[in-house]
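Since the structure comes first, as structure tokens, the remarks are kept for the end.
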Amino acid sequence: MASSLPVRHVRHFCAATNSTISISKAKAKLRSEYDPDKALEIYSSVSDHYTSPVSSRYAQEFTVRRLAKSRRFDDIETLIESHKKDPKITHEPYLSTLIRSYGRAGMFDHALKTYNQMDELGTPRSVISFNALLSACNQSKLFDQVPKLFSEIPHKFNILPDKISYGILVKSFCESGTLEKAIATLEEMEEKGIEVTAITFTTVLDGLYKKGESETAEKLWNDMVAKGCSLDVACYNVRIVYAHGGSPEGVKALIEEMSDAGLKPDTISYNYLMTSYCKGGMMEEAKKVYGELESNGCHPNAATFRTLIFYLCRAGDFEEGYKVFKNSVKLHKIPDFGTLKHLLEGLVKKSKIKEAKGLTRTVKKKFPSNFLNAWKKLEENLGLTSAAAADDDDDVLQHPARLPCK
């Protein structure tokens with residue numbers, strides 16, 4: 001498994017090239033960096049001076065995910081194992097980030113091995129590392145193993161599971177389709193006086209809706225409300241998800257109910273309202289929801305742009321789709337290949353070659369080589385040249401100030 005920049009050389013390389021980069025800037029760059037080697041450079045340049053385990057976990061997991069997508073599991077092991085030599089390894093939160101990262105890569109055997117090495121590494125065990133191990137198991141999609149770990153490890157190491165532990169257990173039941181066990185776990189939590197968090201409740205609610213058990217989901221909702229469970233925006237968004245296939249009025253009613261409950265609808269809430277309009281062919285109303293996001297205290301995310309561009313293309317409004325695309329570039333929320341493929345094909349079909357070339361230039365600057373191979377074939381099929389257009393079309397990467405603001 002080839003790597004253009006072996007992990008063992010990354011730390012030394014970055015010390016010379018990126019020594020002044022801040023942690024916040026590194027995290028921002030990692031969000032939009034698809035090349036695994038460049039992600040390694042960014043992470044390694046700051047990994048020695050993270051001030052908190054949370055910051056370390058965020059950047060480390062992003063880097064591991066980039067490597068995992070390229071199936072560079074040897075590099076992942078080299079990267080994570082190198083951290084076991086750090087003096088901070090005796091701090092349980094620090095070691096827990098390594099366990100979680102192995103889970104992100106689907107390398108649960110390595111995560112379990114790391115957990116079992118804690119005595120050898122001089123790291124104390126508590127519910128913190130236990131929860132990290134359970135999460136790694138779920139992340140590796142070994143859902144049937146979570147209940148076994150939940151039963152065995154607390155007894156073996158005298159650990160008392162907390163509300164997070166139970167939440168992870170509930171998620172494993174939901175993911176494996178055993179919702180009756182998930183609901184039984186909620187009841188067990190209540191009996192033991194363990195808080196059922198909004199996250200745990202939302203997980204079960206989502207599972208029930210996905211399985212088509214809407215009546216049971218609504219009954220559970222009413223029960224939890226009656227018991228005073230602290231519901232959040234995510235809880236309401238789950239209900240909105242399964243209402244947005246119907247009329248926009250149903251989604252709007254739930255958004256109003258959320259507001260009446262003292263909660264502020266977020267981008268996800270408005271995305272589903274926009275989608276319901278799109279599915280009903282009400283594109284002007286959909287564009288209005290998009291245009292009013294900021295006045296509602298929200299910002300468009302990748303799903304916003306992906307959905308709106310897709311339906312604009314479906315409606316044949318490729319010029320408007322291109323304008324929305326340019327805004328997505330400005331906010332570093334570029335849609336996926338399938339969406340951009342529809343947009344490029346539509347622009348060419350409508351003889352909007354200048355816009356098509358602008359789209360192509362941007363894509364080539366923003367996406368990794370594995371994406372560009374497919375894009376190059378698409379260009380060839382559409383008869384587009386790779387040369388830059390000699391006109392005044394916006395170069396949306398070099399001149400973001402020219403972008404229209406929604």
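These numbers come from the heavy atoms of this one structure, side chains and all, not from hydrogens, waters or symmetry mates. Counting from 1, the numbers follow the sequence of the chain as shown.
- The salt bridge (Lys or Arg N to Asp or Glu O under 4.0 Å) check on Glu213 picks up nothing, with sequence neighbours excluded.
- With salt bridges taken as basic N to acidic carboxylate O contacts below 4.0 Å, one links Glu175 and Lys171.
- Using a 3.5 Å distance cut-off with no hydrogens or angles, the side chains of Tyr290 and Glu285 do not pair a donor with an acceptor.
- You'll find the side chain of Ile80 stays beyond 4.5 Å of the side chain of Thr114, heavy atoms only.
- Between the side chains of Ser129 and Glu92, a donor-acceptor pair is found at a separation under 3.5 Å.
- Note on Glu319 versus Lys352: salt bridge recorded, some NZ/NE/NH1/NH2 to OD/OE distance being below 4.0 Å.
- Under the rule for a salt bridge (Lys or Arg N to Asp or Glu O under 4.0 Å), Lys264 has no partner lying at least two apart in sequence or in another chain.
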Using the rule given for side-chain contact (heavy atoms from CB on, under 4.5 Å), can you reason through Ile183 versus Leu208, listing the C-alpha separation, both sets of side-chain angles and the distance that settles it, and then say yes or no? CA-CA 10 Å; Ile183 294 174; Leu208 288 169; 4.3 Å; yes

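- With 3.5 Å as the limit, one finds a donor-acceptor pair spanning the side chains of Asn131 and Asp162.
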Contacts under 3.5 angstrom, residues 137-155 side chains, donor-acceptor by atom type, not counting sequence neighbours:
unit_1 : atom_1 : unit_2 : atom_2 : d
Asn138 : ND2    : Ile168 : O      : 3.2
Ser140 : OG     : Ala136 : O      : 2.9

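- Under the 4.5 Å side-chain criterion, counting only non-hydrogen atoms from C-beta, Val241 is in contact with Tyr272.
- Residues passing the salt bridge (Lys or Arg N to Asp or Glu O under 4.0 Å) test with Arg306, sequence neighbours excluded: none.
- Ionic pairing of Glu77 and Lys113 is not present here: no N-O contact between side-chain nitrogen and carboxylate oxygen is shorter than 4.0 angstrom.
- Of all non-hydrogen atoms in Ser269 and Ile255, the two that sit nearest each other are O-CD1, 3.8 Å.
- Considering only residues two or more places apart in sequence or on other chains, Asp206 meets the salt bridge (Lys or Arg N to Asp or Glu O under 4.0 Å) condition with Lys210.
- In this structure the side chain of Phe318 never reaches within 4.5 angstrom of the side chain of Lys323, judged on heavy atoms.
- From Arg66, atom CZ reaches atom CZ of Arg104 across 11.0 Å, with rounding to the nearest 0.5 Å.
- Contact check for Met274 versus Thr307: side-chain heavy atoms found under the 4.5 Å cut-off.
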Go through the steps to decide whether Phe173 and Leu179 satisfy the test side-chain contact (heavy atoms from CB on, under 4.5 Å), and finish with yes or no. CA-CA 6 Å; Phe173 287 137; Leu179 289 166; over 6 Å; no

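- Between Lys341 and Asp336 there is no salt bridge, since no side-chain N of the basic residue sits under 4.0 Å from a carboxylate O of the acidic one.
- Residues Ser135 and Arg100 share a closest heavy-atom pair of OG-NH1, 3.4 Å.
- When side chains are defined from C-beta on, Leu347 counts as touching Tyr322, because their heavy atoms get closer than 4.5 Å.
- A salt bridge links Glu188 to Lys192: one of the charged nitrogens lies within less than 4.0 Å of a carboxylate oxygen.
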Might you work through the ring-ring contact (aromatic ring centres under 6.0 Å, His included) test for Tyr236 and Trp221, ending with a clear yes or no? CA-CA 10 Å; Tyr236 276 94; Trp221 175 275; 4.9 Å; yes

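- Side chains of Asn301 and Thr267: a donor-acceptor N/O pair is absent below 3.5 angstrom, by distance only.
- Take Ser96 and apply the side-chain hydrogen bond (donor to acceptor under 3.5 Å, both in side chains) test, not counting sequence neighbours, and it matches no residue.
- Taken from CD1 in Ile240 to CG in Leu254, the straight-line distance is 5.5 Å, to the nearest 0.5 Å.
- A 4.5 Å side-chain heavy-atom check between Lys84 and Gln117 finds at least one atom pair inside the cut-off.
- In this structure, the side chains of His342 and Phe310 come closer than 4.5 Å at one or more pairs of heavy atoms.
- Contact between Thr178 and Ser176 at its shortest, heavy atoms only, is OG1-OG, 3.1 Å.
- Thr200 is not listed as a side-chain neighbour of Tyr166, based on a closest heavy-atom distance of 4.5 Å or more.
- Relative ring orientation between Tyr94 and His83 is described as perpendicular, the plane-to-plane angle rising above 60° on a 0-90° scale split at 30° and 60°.
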